[in-house]
Amino acid sequence: MNTTTLPIGDPASTRARAAATGLWLFMGVVSALFALFLVAYAMRMEAADWSPIGMPPQLWLSSALLLAGGLLLQRSATAAQALHHARARGLLLAGGLAAMAFLGAQLWAWQSLLDARVGLAGNPAASFFYVLTALHGLHVIGGLVAWSITVPPAVAPPAEPRRLALRITLCARYWHFLFAVWAVLFAALGWLTPEVVRFICGRA
């Protein structure tokens, strides 16, 4: 939602700017957290006991589901801004269901690793995989909490359609962020190697 189109001093404009700023700050903090974990992951690769693990194929499915969730929420926000309430509601519900399916696919990936006897302990690469994917999953759950708060006013015709559109817009923005973080994690977990780390650090 473009808050610049709202009059300065309008309470709705003030709330919109505060909510958008708060979300940007939160995403900045989360980005720093994941960056620190990835730095630790890259440094740990140098140890002699490092043994890479194969990425479960379910991760491709979960990636597609998270991307779909963000796109559905973006379309829901566009529909809400155009006051197409029924379409916005349907797309909002579909976006949340895609995120829930993402978590299910992640659990399926975990189970496939456990079935292959790749547990949390004993293999540093596996430990990082579980920790990083669990941390990301917790942020997806947090996003679903915000989504669940947005759903009730979307079910009935909203008394404040502009406020509902803002909420959906912020949900979509957060989902895009979650997908960007996940794309970086997926690439690092699947394809980052000690040789690549040494090349990046100028020690090749």
Side-chain angles (χ1 to χ4, degrees), residues 22-73 95-149 171 173-204:
L23 180 59
W24 282 117
L25 289 174
F26 176 75
M27 291 190 300
V29 172
V30 173
S31 297
L33 174 65
F34 277 102
L36 290 173
F37 268 101
L38 287 175
V39 169
Y41 175 75
M43 294 175 63
R44 187 64 178 79
M45 283 183 171
E46 297 292 333
D49 62 345
W50 186 263
S51 179
I53 63 173
M55 292 295 99
Q58 292 88 346
L59 296 185
W60 291 103
L61 172 61
S62 62
S63 300
L65 288 167
L66 191 59
L67 176 60
L71 294 176
L72 288 166
L73 288 175
L97 291 175
M100 294 178 193
F102 166 82
L103 293 174
Q106 294 293 82
L107 292 175
W108 184 17
W110 280 19
Q111 187 59 54
S112 70
L113 286 178
L114 293 173
D115 290 343
R117 301 186 183 278
V118 180
L120 178 64
N123 185 338
S127 298
F128 268 101
F129 175 86
Y130 285 111
V131 169
L132 288 171
T133 54
L135 185 61
H136 182 267
L138 287 175
H139 285 86
V140 174
I141 292 173
L144 282 171
V145 171
W147 170 83
S148 68
I149 295 172
C171 282
R173 184 177 300 169
Y174 184 60
W175 251 253
H176 296 329
F177 168 72
L178 288 174
F179 178 75
V181 171
W182 172 249
V184 173
L185 289 180
F186 191 13
L189 292 170
W191 294 282
L192 190 63
T193 64
E195 292 74 21
V196 172
V197 172
R198 285 194 290 270
F199 176 80
I200 294 174
C201 295
R203 295 186 284 111

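What you see is a predicted model, and the numbers here were worked out from it, not measured in a lab. Just so it is clear, the values below take in all heavy atoms, side chains as well, and ignore hydrogens, waters and symmetry mates.
Other residues, nucleotides and ligands contribute more than 12 heavy atoms inside 6.0 Å of the CH2 atom of W50.
For the residue pair S62 and F102, the shortest heavy atom distance occurs at O-CD1, 3.0 Å. Residues A125 and S51 share a closest heavy-atom pair of CB-O, 3.3 Å. Minimum heavy-atom separation, W175 to L144: CH2-N, 3.7 Å. Between F128 and F37 the shortest heavy-atom distance is CE2-O, 4.0 Å. Considering all non-hydrogen atoms of both residues, G70 and H176 come closest at O-CE1, 3.3 Å. Scanning both residues, L114 and G119, for their nearest heavy atoms gives CD2-CA, 4.2 Å.
Rounding to the nearest 0.5 angstrom, the gap separating the CE atom in M100 from the CD1 atom in I141 is 11.0 Å. For the atom pair Q58 CD and L107 CG, the distance stands at 11.0 Å (nearest 0.5 Å).
Side chains of I53 and M55 form a contact here, defined as non-hydrogen atoms less than 4.5 Å apart. With contacts defined as side-chain heavy-atom distances shorter than 4.5 Å, the pair Y174/V30 does not qualify. Here the side chains of M45 and T193 are not in contact, with every heavy-atom distance at 4.5 Å or above.
Contacts of L71 classified as side chain to side chain contact (heavy atoms under 4.5 Å, CB included), with partners at least two apart in sequence or in another chain: L67. Scanning for side-chain hydrogen bond (donor to acceptor under 3.5 Å, both in side chains) contacts around W147 gives an empty result, with sequence neighbours left out.
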Assess whether side-chain contact (heavy atoms from CB on, under 4.5 Å) is satisfied between T133 and L59, documenting all intermediate values. CA-CA 10 Å; T133 54; L59 296 185; 5.5 Å; no

Evaluation steps, side-chain contact (heavy atoms from CB on, under 4.5 Å), between F177 and L23: CA-CA 10 Å; F177 168 72; L23 180 59; over 6 Å; no

Would you check, one step at a time, whether the test side-chain contact (heavy atoms from CB on, under 4.5 Å) holds for V184 with F34? CA-CA 10 Å; V184 173; F34 277 102; over 6 Å; no

Could you walk me through whether L38 and L192 pass side-chain contact (heavy atoms from CB on, under 4.5 Å), step by step? CA-CA 10 Å; L38 287 175; L192 190 63; over 6 Å; no

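Under the 30°/60° scheme for interplanar angles, the aromatic rings of W110 and Y130 are found to stand perpendicular. The aromatic rings of F186 and W191 are tilted relative to each other, their planes meeting at an angle between 30° and 60°.
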